[in-house]
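These numbers come from a predicted model, not from an experiment.
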Amino acid sequence: MSERKRLTRIFKMHGLSLQASALDTLCDVVQREAEVGRNKADVNNVIFNIIDEIKDRRIQGGNGSGGRSSSMGNIVTSALLEDVVADFRRDAKDVSDDAVQLLDAFHMPRLDFDRMRKNFSLVPFGKEERELYGEAVAKVDMFNQRYALIQQRILRQDIFQPKLVTNRLGRSAQNNGGTHTITPVESLLGRSGRRFLLGMIVQVEEGNYYLEDHTAQVPLNLSDASLLTDGFVTENSVVLIEGEAIDGVLHVHNMGSPIVENRLDSIKAIGLQNSDIFNSIGSLSEYEKLREQEIEHGEDGMFVVLSDVYLDSPAVIEKIERMLEGYSDFNPLPIFVFMGNFTSKPLSSASEGTKAMISYFEDLANVICKFPNVANEGRFVFIPGPNDPGITGVLPRGPIPNYFTSALRSKVKNVMLASNPCRMRFFTKEIVFFRDNLVSKMRRNCLIEPRQDSNGQLSSHAIKTVLDQGHLSPLPLSTSPIYWQHDHALRLYPFPDALICGDRVEQYYETYEECDAINPGPFSNGFNFVVYRPVGEAGGSQTKSDVELCEVP
């Protein structure tokens, strides 16, 4: 029996009829499989896999290929067969490339919590009008949402859940053993004794701080306050307080950061679709499919992250070249993330400063082009620092203007200019990139000295602060201005899988509630960088990340 007749018969046995052109395509596939050394049993397995995929597409509603082909009932066309074969031939690099998605801060959907209905909704970009300079009501809503998101998280904790027990008479009585009640600020009036409160610290008058919630505000006396948790306490941070109201002033005895929850617990409360800011997971089945791909191909993904890459320094350019040389033979290539500042000193807005910045990026392009594979296949993400060109001083800040990077983008194929902060998706993993001098800002603005019995690292206090607060910049607006209607782009709720924050302090890596917190350190000082693998190893249904703190010799 000829090969063509054998293939036709196999398809007919499965209720499928091959068009002549589709049969030609299938014969070519069989021939190529034989040429690469596959035996007859392996070739037959390939044929049966193709048949199974065609049947699955018919069940799911016809062509299954976005209109490019059609099964026309039980007839298999050449276009359908080629589409199925192309999917089978996608290698790990193709899958990993499709798994990466960059989300700009100014195009990010907004998670909204309705305190009255106690439910979440995800407001897509474009459904509401957002301005850089919003009206005063936008500022009020910004702080309301910050507080509401933390409040709903706190009230779901067991320690603040009232427990009901039944006594011997069959009546229900509230058992307060081991639980506490959050008292609204407005309910302090006329009450004595210690109370637990949740509120935001605000400065109503210069030097005078108040605790404010959605009901009222009360002056604070912090002179005897004892800090029970790690982290910085700053203006505009939300805190849990145990204190007593005396003569209209809340005397604080104990104070701590809000209780946190890990990413999975938050997603369970919010809902899978309401937490899908990348619009990549339409259903639970799609999420499971993405997880399967992550386990199978995720170990190939790698991010090489540098911060404070001073392009005006010849030594920095030399070390970048040496680093790229080391990765030029990798397959697939890592994703290179460069965070600012990109010059050692702020450049003037005059023509001389503009020309200098353009030339610096052109110098970088020339270095990258020394490695053709990196220039053609590598992906580069550029995140601006506080002193880089553009509208500076307000968060989130937009990407570096295209004008400065025209030479770079013309020579290097895959260049992405991102906002600060920005987010990237790698399969199901969410990674937040942020460039700011967090430690120094929080150290200057803390109201109470952080605890000394922790590990003593200010960087650990800073990371715990932003994660506890669920926000990248829980600081006074005078210190860290924010576009009110884009404040949601700075939120860290739910926790990302990784927070990579470029700061002017030494490298660090720690894990907090299953969130990787990483600082690559300033590349300009010591030539430090970090290698992050979102899926360092995969076993069964679980994955584990891998972080390597590196230095260019």
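Under the 4.5 Å side-chain criterion, counting only non-hydrogen atoms from C-beta, N331 is not in contact with N373. Two residues are said to be in side-chain contact when any heavy atoms from C-beta on lie closer than 4.5 Å; E513 and L467 fail this criterion. Side-chain contact between Y493 and I150: absent, with no pair of heavy atoms (C-beta onward) separated by less than 4.5 Å. Annotation: side chain of N262 is not in contact with side chain of F495 (no heavy-atom distance under 4.5 Å). Using a 4.5 Å heavy-atom cutoff, the side chains of I259 and F160 are in contact. Contact of the R4 side chain with the L23 side chain is registered, since non-hydrogen atoms from C-beta on lie closer than 4.5 Å. Side-chain contact between V100 and M424 is present, with heavy atoms from C-beta onward closer than 4.5 Å. Using a 4.5 Å heavy-atom threshold, the side chains of L472 and D436 count as separate.
With a 6.0 Å radius and a threshold of 12 heavy atoms from other residues, nucleotides or ligands, E128 has its CD atom above the threshold. Sparse packing is recorded around CD1 of I391, with 12 or fewer heavy atoms of other residues, nucleotides or ligands lying under 6.0 Å away.
The pair K411-E362 meets the salt-bridge criterion, since a charged nitrogen lies less than 4.0 angstrom from a carboxylate oxygen. Ion pairing of R425 with E430 is absent here, as no side-chain N (NZ or NE/NH1/NH2) approaches a carboxylate O to less than 4.0 Å. Salt bridge annotation for R110-D487: absent, with no cationic side-chain nitrogen under 4.0 angstrom from a carboxylate oxygen. Of the charged side-chain nitrogens involved, none lies within less than 4.0 Å of a carboxylate oxygen, so that D265 and R156 do not count as a salt-bridged pair. A salt bridge between E321 and K319 is absent, with no side-chain N of the basic residue lying under 4.0 Å from a carboxylate O of the acidic one. Salt-bridge formation is detected for the pair R6/E3: a Lys NZ or Arg NE/NH1/NH2 atom is positioned less than 4.0 Å from an Asp or Glu carboxylate oxygen.
The backbone N or O of R263 lies less than 3.5 Å from no partner atom in the side chain of E514, so there is not a single donor-acceptor pair. Listed for the Q469 side chain is a donor-acceptor partner under 3.5 Å among the backbone atoms of V238. Looking at R146, its side chain never comes within 3.5 Å of a backbone N or O of H471 through a donor-acceptor pair. No side-chain donor-acceptor contact under 3.5 Å links H14 to the backbone of L16. Judged by distance alone, the side chain of E377 and the main-chain N or O of V374 form no donor-acceptor pair under 3.5 Å. A donor-acceptor pair is defined here as one N or O able to donate and one able to accept, closer than 3.5 Å; no such pair exists between the side chain of S328 and the backbone of F371. Listed for the R423 side chain is no donor-acceptor partner under 3.5 Å among the backbone atoms of D104. A donor-acceptor distance shorter than 3.5 angstrom exists from the side chain of N519 to the backbone of D503, with no hydrogens or angles considered. Side-chain N or O atoms of D276 include one that pairs as donor or acceptor with a backbone N or O of I281 at under 3.5 Å. Using modelled atom types, one side-chain atom of T77 and one backbone atom of L80 make a donor-acceptor pair closer than 3.5 Å.
V535 pairs in a side-chain contact (heavy atoms from CB on, under 4.5 Å) with only one of the listed residues (T543, D546, I295, D300), which is T543.
Once rounded to the nearest 0.5 Å, the distance linking CD1 of I51 with CZ of F11 reads 4.5 Å. How far CG of D363 is from CD1 of I358: 12.0 Å, rounded to the nearest 0.5 Å. Here R291 contributes atom CZ and F427 contributes atom CZ; the two are 11.0 Å apart, rounded to the nearest 0.5 Å. From D388, atom CG reaches atom CD1 of I383 across 11.0 Å, with rounding to the nearest 0.5 Å.
The minimum heavy-atom distance linking S545 with D516 is given by the pair OG-OD2, 2.6 Å. Across A365 and A407, no two heavy atoms sit closer than the pair CB-O, 4.3 Å. Nearest heavy-atom pair, F426 versus G301, reported as atom, atom and distance to 0.1 Å: CZ-CA, 3.4 Å. Nearest heavy-atom pair, K413 versus N376, reported as atom, atom and distance to 0.1 Å: CD-O, 3.3 Å. Shortest non-hydrogen contact noted between P534 and F303 is CG-CE1, 3.6 Å. Residues A489 and A105 approach most closely at CB-O, 3.6 Å, considering heavy atoms.
Side chains of Y512 and D468: a donor-acceptor N/O pair is present below 3.5 angstrom, by distance only. T428 and E294 share a side-chain donor-acceptor pair at under 3.5 Å. Q19 and S78 form no side-chain donor-acceptor contact under 3.5 Å, judged by distance and modelled atom types alone. Under 3.5 Å, the side chains of H488 and R130 contain a donor-acceptor pair of N or O atoms.
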**OP:** May I have the step-by-step check of side chain to side chain contact (heavy atoms under 4.5 Å, CB included) for F113 and I270, ending in yes or no?
**Re:** CA-CA 9 Å; F113 180 70; I270 296 169; over 6 Å; no

Original post:
Yes or no on side-chain hydrogen bond (donor to acceptor under 3.5 Å, both in side chains) for S524 and D308, after CA distance, side-chain angles and deciding distance?
Top reply: CA-CA 6 Å; S524 58; D308 281 293; 5.3 Å; no

**OP:** Check step by step if side chain to side chain contact (heavy atoms under 4.5 Å, CB included) holds for F380 and V412.
**Re:** CA-CA 9 Å; F380 291 84; V412 181; 3.8 Å; yes

**OP:** Would you sort out whether S17 and N74 count as a side-chain hydrogen bond (donor to acceptor under 3.5 Å, both in side chains), showing the intermediate values?
**Re:** CA-CA 6 Å; S17 178; N74 64 342; 5.9 Å; no

**OP:** Please test K12 against L18 for side chain to side chain contact (heavy atoms under 4.5 Å, CB included), starting from the C-alpha separation and ending with a verdict.
**Re:** CA-CA 8 Å; K12 280 187 176 180; L18 284 165; over 6 Å; no

Original post:
Should V29 and I47 be marked as a side chain to side chain contact (heavy atoms under 4.5 Å, CB included) after you check the CA-CA gap, both sets of side-chain angles, and the distance that decides it?
Top reply: CA-CA 9 Å; V29 171; I47 295 171; over 6 Å; no

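Centroid-to-centroid, the aromatic rings of F404 and F361 stay 6.0 Å apart or farther. Between Y310 and Y360, the gap from one ring centroid to the other reaches at least 6.0 Å.
Taking the six-membered ring for Trp and thresholds of 30 and 60 degrees, F106 and H486 have ring planes more than 60 degrees apart, a perpendicular arrangement. Using cut-offs of 30° and 60° for the angle between ring planes, the F336 and Y327 rings count as perpendicular.
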